[in-house]
Amino acid sequence: MKRKMGFLIVLAAALLLLVPSLTAGGQKDDGSLTVGFAQIKEDSPWRTTETNSVQQEAERLGIELKLSVTEQAGQIAALRDFIAQGVDGILLAPQTRSGWDEVLQEAKDAGIPVVMLDRGVDAPESLWVTQISSDFAYEGRVAGNWVAEKLNGKGKVAELFGDPAADPAILRSEGFMEVMASFPDIEVVESKTGEWSQDKGRQVVEAWLAAGVKFDVIYAHNDGMALGAIDALKAAGMDPGDDVLIISVDAIKAAFEAMERGDMNATVECSPLLGPLGFEAIMKTIDGKPVDKYIINPDGLYDLDNYKDHPTMGF
Ligand code: GYE
């Protein structure tokens, strides 16, 4: 009898030792976490700053980060890979708004929380923890009001669209057009995608100029494309910031430098420094604490009158 008890105690102790390695996800025996980040492959300094913010925060917290940088199809594959590896949480910057339901359901079934970083999706809210981003329609309205004021309610605007399938591009346009609707003498003469890229933005504006399109303002959905527009205008012998006003979104350092040179007029801030909020949301979820469904960063407008007030002169 005594022997049997002893055996049972040894067995119980052995099982207890096994328990930590049997806990859900990839949480290691020492309690440290592994998080996957599916970032978008995109030619924009904004994204590099965001990736750095995530990497730095992971390092600060001692979290192992698995980073994947790809386009949409690759992002879905990366998520499946993270799930197979049993990560403790996933940060996803979704390239497009739709196409996520299936893989998000797989993550949910595996008990892995997914946080939307910087953009939203149209998948059911039950499939993801939270969206941490700016309010893109608000950014569009801020840009629209600035344009209406500068043009005194009359003039021509050309819009450089981001990726038409991406949440921030759709909403930045909607917010902007909402304001334009109350100014019948402002005409939006062009709206074309520059795919978030400086190079593509330049090519689109070059084509407009070659076709003889006239505009007083260019509204670009991000600073990168605005910088491309500036390149195109200069190459055509025009004076951006003066002949054509330039407003965009993001507030990257290069936009502030362009303002210093008088090439650019305004940018609506959109912070890429989302790493700390992203990990906080994942850790709270793992601890069973509630997290708001939408965590919205406040944005400010910076133009030639106040850009020097920006705390870091851009991201
Ligand atoms: O504004 C743009 C980037 O999703 C908020 O994506 C982000 C946007 C950002 O390409 O520069």
Side-chain angles (χ1 to χ4, degrees), residues 37-54 69-72 74-75 91-100 114-122 128 130-144 159-176 192-202 204 218-230 246-258 264 266-275 277-278 294-302 310 314-315:
F37 176 29
Q39 174 60 297
I40 304 166
K41 187 170 181 343
E42 195 178 78
D43 166 26
S44 87
W46 191 95
R47 238 151 245 292
T48 313
T49 305
E50 184 188 47
T51 303
N52 290 341
S53 165
V54 169
V69 184
T70 60
E71 278 149 22
Q72 160 104 359
Q75 288 193 297
L91 297 169
L92 168 64
Q95 180 170 347
T96 57
R97 225 188 217 182
S98 48
W100 299 101
V114 182
V115 165
M116 297 303 156
L117 209 63
D118 89 61
R119 295 177 176 193
V121 290
D122 61 9
W128 43 276
T130 179
Q131 175 183 330
I132 303 171
S133 73
S134 289
D135 179 340
F136 306 122
Y138 171 79
E139 291 172 345
R141 288 194 297 273
V142 170
E159 179 183 40
L160 270 176
F161 219 98
D163 171 358
D167 185 53
I170 296 163
L171 295 171
R172 281 173 189 164
S173 189
E174 273 177 23
F176 187 80
K192 195 150 187 236
T193 180
E195 297 169 35
W196 301 120
S197 125
Q198 176 162 353
D199 203 40
K200 295 272 164 48
R202 176 184 54 76
V204 170
I218 291 179
Y219 164 47
H221 290 180
N222 78 349
D223 289 340
M225 295 189 292
L227 295 170
I230 291 169
I246 314 277
I247 177 165
S248 61
V249 188
D250 274 357
I252 61 171
K253 286 202 190 306
F256 285 81
E257 285 157 17
M264 185 153 154
T267 186
V268 185
E269 188 180 39
C270 177
S271 176
L273 306 177
L274 305 177
L277 290 170
Y294 293 89
I295 300 172
I296 303 298
N297 261 336
D299 295 315
L301 172 92
Y302 290 91
H310 190 274
F315 300 113

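Order of appearance sets the numbers: ligands from 1, and atoms from 1 within every ligand.
- If you take CG on L227 and CD on E257, they are separated by 9.0 Å, rounding to the nearest 0.5 Å.
- Donor-acceptor pairing under 3.5 Å is recorded for the side chains of S133 and Q131.
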Point to revise | side chain to side chain donor-acceptor pair (under 3.5 Å) evaluation trace for Q39 with E50 | key: CA-CA 9 Å; Q39 174 60 297; E50 184 188 47; 2.9 Å; yes

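- A heavy-atom separation below 4.0 Å is found between D118 and ligand 1.
- Ring geometry for W128 versus Y294: interplanar angle over 60°, hence perpendicular rather than tilted (30 to 60°).
- Residue nearest to atom 8 (C) of ligand 1, selected from E139, R47, H221: R47 (by heavy-atom distance).
- Taking all heavy atoms of N222, D250, D43 into account, the minimum distance to atom 1 (O) of ligand 1 is reached by D250.
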Review point. Could you go step by step and tell me if H221 and E139 meet the side chain to side chain donor-acceptor pair (under 3.5 Å) rule?
Key: CA-CA 9 Å; H221 290 180; E139 291 172 345; over 6 Å; no

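- Close contacts of ligand 1 with C270, meaning ligand atoms under 4.0 Å from a residue heavy atom, involve 5 (C).
- Within 6.0 Å of NZ in K200 there are 12 or fewer heavy atoms belonging to other residues, nucleotides or ligands.
- Any N or O atom pair closer than 3.5 Å counts here, and E42 shares at least one such pair with ligand 1.
- Atoms of ligand 1 lying under 4.0 Å from at least one heavy atom of P168, given by number and element, are 4 (O).
- Of the listed residues (R172, E195, R119), the one carrying the non-hydrogen atom nearest atom 6 (O) of ligand 1 is R119.
- Close approach to F136 involves these atoms of ligand 1, each under 4.0 Å from a residue heavy atom: 5 (C).
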